[in-house]
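Some notes on the structure that comes next.
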Amino acid sequence: NLNRIINAISFQNKKISILDVGSGGGAFIQSIDSSFIDCDGIEPNKWLVNQAKKYYGNFNLYPTTLANFINNKKYELITYWDVFEHLTDINKEMLYIKKFLKKDSYLILNIPDHGSIFRKLLGFNWPFFLDVHLYYFDKNTLSLFMKNNQFELIQIIKHVQILKLKYILERAINIFPILKILNIFMKACNLENLKIKYNIGQNLYIFKKQ
């Protein structure tokens with residue numbers, strides 16, 4: 001996904017700095033393997049930050065929120081992976097985003113698409129209807145919100161996740177019990193760890209600061 005983003009916004013072979021907001025256990029930061037990218041992360045859960053540093057070693061992950069982040073650095077790219085829809089006040093968050101972004105820089109929001117065909121087909125069984133999701137957007141509402149905050153929509157990329165077949169079926173069976181038949185087949189053929197690419201209504205939205 002990072003490679004697709006960099007190709008979309010022409011950062012190839014240019015030194016860039018990234019701030020990842022809501023880094024969790026730091027997997028996104030650790031996935032970056034490029035001398036052209038310098039990445040910092042912030043995560044309000046101190047336990048997760050400590051666990052990440054134990055697992056990966058010491059790296060730039062700070063136990064704080066964007067509102068309380070003390071840093072004079074400005075970034076070419078700020079990313080929110082499955083985070084923006086959880087925030088309690090997205091209007092205030094936008095003020096801090098603009099504070100930490102350089103001119104002509106970019107914002108990535110990876111969020112569920114309320115306008116997706118998957119949401120329409122699955123109705124209230126859509127997996128992204130969760131009590132921890134405080135906001136829902138489709139392309140039009142998100143574009144309008146960001147335009148009002150001086151950000152231009154540049155591109156939408158379908159977010160492709162890779163998960164084990166066992167995990168996907170466990171979630172799907174809760175919605176469609178008939179899939180228990182596939183679960184039996186999966187176990188018989190020893191396919192639990194088969195990695196599947198899928199998208200059920202998540203998009204990567206690329207915005208440029210105006």
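Because the structure is a prediction, the values reported are computed rather than measured.
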For this session: On the 0 to 90° scale, with breaks at 30° and 60°, tag the Trp126-Phe129 ring pair as parallel, tilted or perpendicular.
Result: perpendicular
Which heavy atom in [X] sits nearest to a heavy atom in [Y], and how many Å separate them?
| X | Y | value |
| --- | --- | --- |
| Leu66 | Ile42 | N-CD1, 3.4 Å |
| Ile29 | Asp40 | CD1-C, 4.2 Å |
| Cys39 | Ile32 | CB-CD1, 3.6 Å |
| Ala52 | Gly25 | CB-O, 3.1 Å |

In terms of hydrophobic clusters joined by side-chain contacts under 4.5 Å, are [X] and [Y] together?
| X | Y | value |
| --- | --- | --- |
| Phe128 | Tyr167 | yes |
| Leu121 | Tyr198 | yes |
| Ile206 | Ile37 | yes |
| Val83 | Leu61 | no |
| Ile162 | Phe118 | no |

Could you check whether any side-chain N or O of [X] sits under 3.5 Å from a backbone N or O of [Y], counting only pairs where one atom can act as donor and the other as acceptor?
| X | Y | answer |
| --- | --- | --- |
| Lys74 | Lys99 | yes |
| Asn71 | Lys73 | yes |
| Glu43 | Gly24 | yes |
| Tyr75 | Ser105 | no |
| Asn183 | Leu179 | no |
| His86 | Val132 | yes |
| Asn199 | Gln202 | yes |
| Asn45 | Trp47 | yes |
| Lys197 | Leu163 | no |

Kindly check if the number of other-residue, nucleotide or ligand heavy atoms within 6.0 Å of [atom1] ([X]) is above 12?
| X | atom1 | answer |
| --- | --- | --- |
| Phe59 | CZ | yes |
| Lys187 | NZ | no |
| Tyr56 | OH | yes |
| Lys164 | NZ | no |

Exercise. Who pairs with Phe28 by ring pair (Phe, Tyr, Trp, His ring centres under 6.0 Å), at least two apart in sequence or on another chain?
Worked result: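 Counting only residues at least two positions away or on another chain, Phe28 forms a ring pair (Phe, Tyr, Trp, His ring centres under 6.0 Å) with Trp81.
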Problem set entry | Any residue meeting ring pair (Phe, Tyr, Trp, His ring centres under 6.0 Å) with Tyr62, in chain and number order, not counting sequence neighbours |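 Counting only residues at least two positions away or on another chain, Tyr62 forms a ring pair (Phe, Tyr, Trp, His ring centres under 6.0 Å) with Phe69.
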Under 3.5 Å side-chain donor-acceptor pair for [X] and [Y]:
| X | Y | result |
| --- | --- | --- |
| Tyr106 | Glu76 | no |
| Tyr205 | Gln155 | no |
| Asn1 | His159 | yes |
| Asn7 | Arg4 | no |
| Ser23 | Asp20 | yes |

Hey, does [Y] have a side-chain heavy atom less than 4.5 Å from the side chain of [X]?
| X | Y | result |
| --- | --- | --- |
| Asp113 | Phe137 | no |
| Ile5 | Ile108 | yes |
| Lys139 | Leu153 | yes |
| Leu142 | Leu109 | yes |

For this session: Please determine which of Gln210, Lys98, Lys209 meets the side chain to side chain donor-acceptor pair (under 3.5 Å) test together with Gln150.
Result: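 Only one option passes, and that is Lys98.
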